[in-house]
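Remarks on the structure that follows.
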Amino acid sequence: QVQLVESGGGLVQAGGSLRLSCAASGLTFSSYAMGWFRQAPGKEREFVATINWTGGSTYYADSVKGRFTISRDNDKNTLYLQMNSLKPEDTAVYYCAGRPAQTRNWDPSRYSYWGQGTQVTVSS
């Protein structure tokens with residue numbers, strides 16, 4: 001079965017960096033567009049970043065543009081999210097998601113598979 005497993009979350013001070021990873025199995029990873037989403041306590045899940053099947057096209061939420069970078073390694077079946085200049089408002093559970101299409105998408109309803117999430121906490 002399809003599995004998406006996130007890792008790399010943790011506690012970091014404001015201004016610090018973290019790199020999230022999402023290991024995929026049970027699917028042809030190179031045929032899937034991927035995305036990162038996050039959910040803070042008491043808030044709805046929100047879009048963070050998305051990448052197309054080749055990695056050649058990316059799109060970011062305005063709140064993270066210029067600070068976060070999404071990338072993928074199709075040989076390793078792994079998705080990444082490099083997060084720099086972290087802010088307390090970035091605190092959330094971060095989820096990776098996959099959609100069986102070539103094109104990236106910001107809409108979570110367009111994604112078929114989800115990981116279990118990894119907690120990111122940014123202290124002020």
Quiz prompt | Residue among Leu20, Val120, Val64 satisfying side-chain contact (heavy atoms from CB on, under 4.5 Å) with Leu81 | solution = Leu20

Practice problem: Count the heavy atoms belonging to other residues, nucleotides or ligands that lie under 6.0 Å from NZ of Lys43, then report whether that count exceeds 12. | Solution: no

Quiz item: At what distance, to the nearest 0.5 angstrom, does CZ of Phe68 lie from OG1 of Thr58?
Solution: 14.0 Å

Quiz item: Taking atom OG of Ser7 and atom OH of Tyr94, what is their separation to the nearest 0.5 Å?
Solution: 15.0 Å

Quiz item: If we only count heavy atoms from C-beta on, is the Ser71 to Gln82 side-chain gap below 4.5 Å?
Solution: no

Exercise. Return the minimal non-hydrogen interatomic distance between Ala49 and Tyr60, and the atom names on each side.
Key: CB-CD2, 3.6 Å

Practice problem: Check whether any side-chain N or O of Thr121 sits under 3.5 Å from a backbone N or O of Leu11 as a donor-acceptor pair, and report yes or no. | Solution: no

Quiz item: Is Ile51 reachable from Leu27 through a run of I, L, V, M, F, W or Y residues, each pair having side-chain heavy atoms under 4.5 Å apart?
Solution: yes

Quiz item: Out of Thr78, Asn52, Leu4, Thr50, which one pairs with Met34 under the side-chain contact (heavy atoms from CB on, under 4.5 Å) rule?
Solution: Leu4

Quiz item: Do Arg72's NZ or CZ and the ring of Phe29 fall within the cation-pi criteria of under 6.0 Å and 45°?
Solution: yes

Exercise. List the atom of Pro108, the atom of Trp114, and the distance in Å for their closest heavy-atom pair.
Key: O-CZ2, 3.5 Å

Quiz item: If you measure from CD on Gln3 to CG on Asn77, what distance do you get to the nearest 0.5 Å?
Solution: 12.5 Å

Quiz item: Can you list the steps and then say if Trp36 with Ile70 is a side chain to side chain contact (heavy atoms under 4.5 Å, CB included)?
Solution: CA-CA 8 Å; Trp36 285 99; Ile70 188 172; 3.5 Å; yes

Self-check item: Step-by-step side chain to side chain contact (heavy atoms under 4.5 Å, CB included) determination, Glu6 to Gln116
Solution: CA-CA 7 Å; Glu6 302 95 335; Gln116 83 290 345; 2.9 Å; yes

Practice problem: Starting at CE of Met83, measure out to CZ of Arg19 and round the result to the nearest 0.5 Å. | Solution: 11.5 Å

Self-check item: Val122 backbone acceptor or donor facing Thr91 side chain under 3.5 Å
Solution: yes

Quiz item: Are Tyr113 and Tyr111 grouped together when hydrophobic residues (ILVMFWY) are joined by side-chain heavy atoms under 4.5 angstrom apart?
Solution: no

Self-check item: Minimum-distance pair of heavy atoms, taken over all atoms of Pro88 and Ala14
Solution: CD-CB, 4.1 Å

Quiz prompt | Six-ring centre of Tyr95, Arg38 cation under 6.0 angstrom, axis tolerance 45° | solution = no

Quiz item: Any sub-3.5 Å donor-acceptor pair from Thr28's side-chain atoms to Ser30's backbone N or O?
Solution: no

Quiz item: For residues Arg104 and Tyr59, is any side-chain donor paired with an opposing acceptor at under 3.5 Å?
Solution: no

Self-check item: Heavy-atom check, side chain of Thr69 versus side chain of Tyr80, under 4.5 Å
Solution: no

Exercise. Please say whether more than 12 non-hydrogen atoms of neighbouring residues, nucleotides or ligands are located less than 6.0 Å from CZ in Arg110.
Key: no

Quiz item: Passes side chain to side chain contact (heavy atoms under 4.5 Å, CB included), Gln102 versus Ser31? Steps please.
Solution: CA-CA 6 Å; Gln102 297 180 356; Ser31 297; over 6 Å; no

Quiz prompt | Trp106 atom CH2, neighbour heavy-atom count above 12 within 6.0 Å | solution = no

Exercise. May I ask you to say whether Lys87 pairs ionically with Asp90, meaning some side-chain N is under 4.0 Å from a carboxylate O?
Key: no

Practice problem: Verify the cluster assignment for Phe37 and Leu79: are they in a single hydrophobic cluster under the rule of side-chain heavy atoms below 4.5 Å apart? | Solution: no

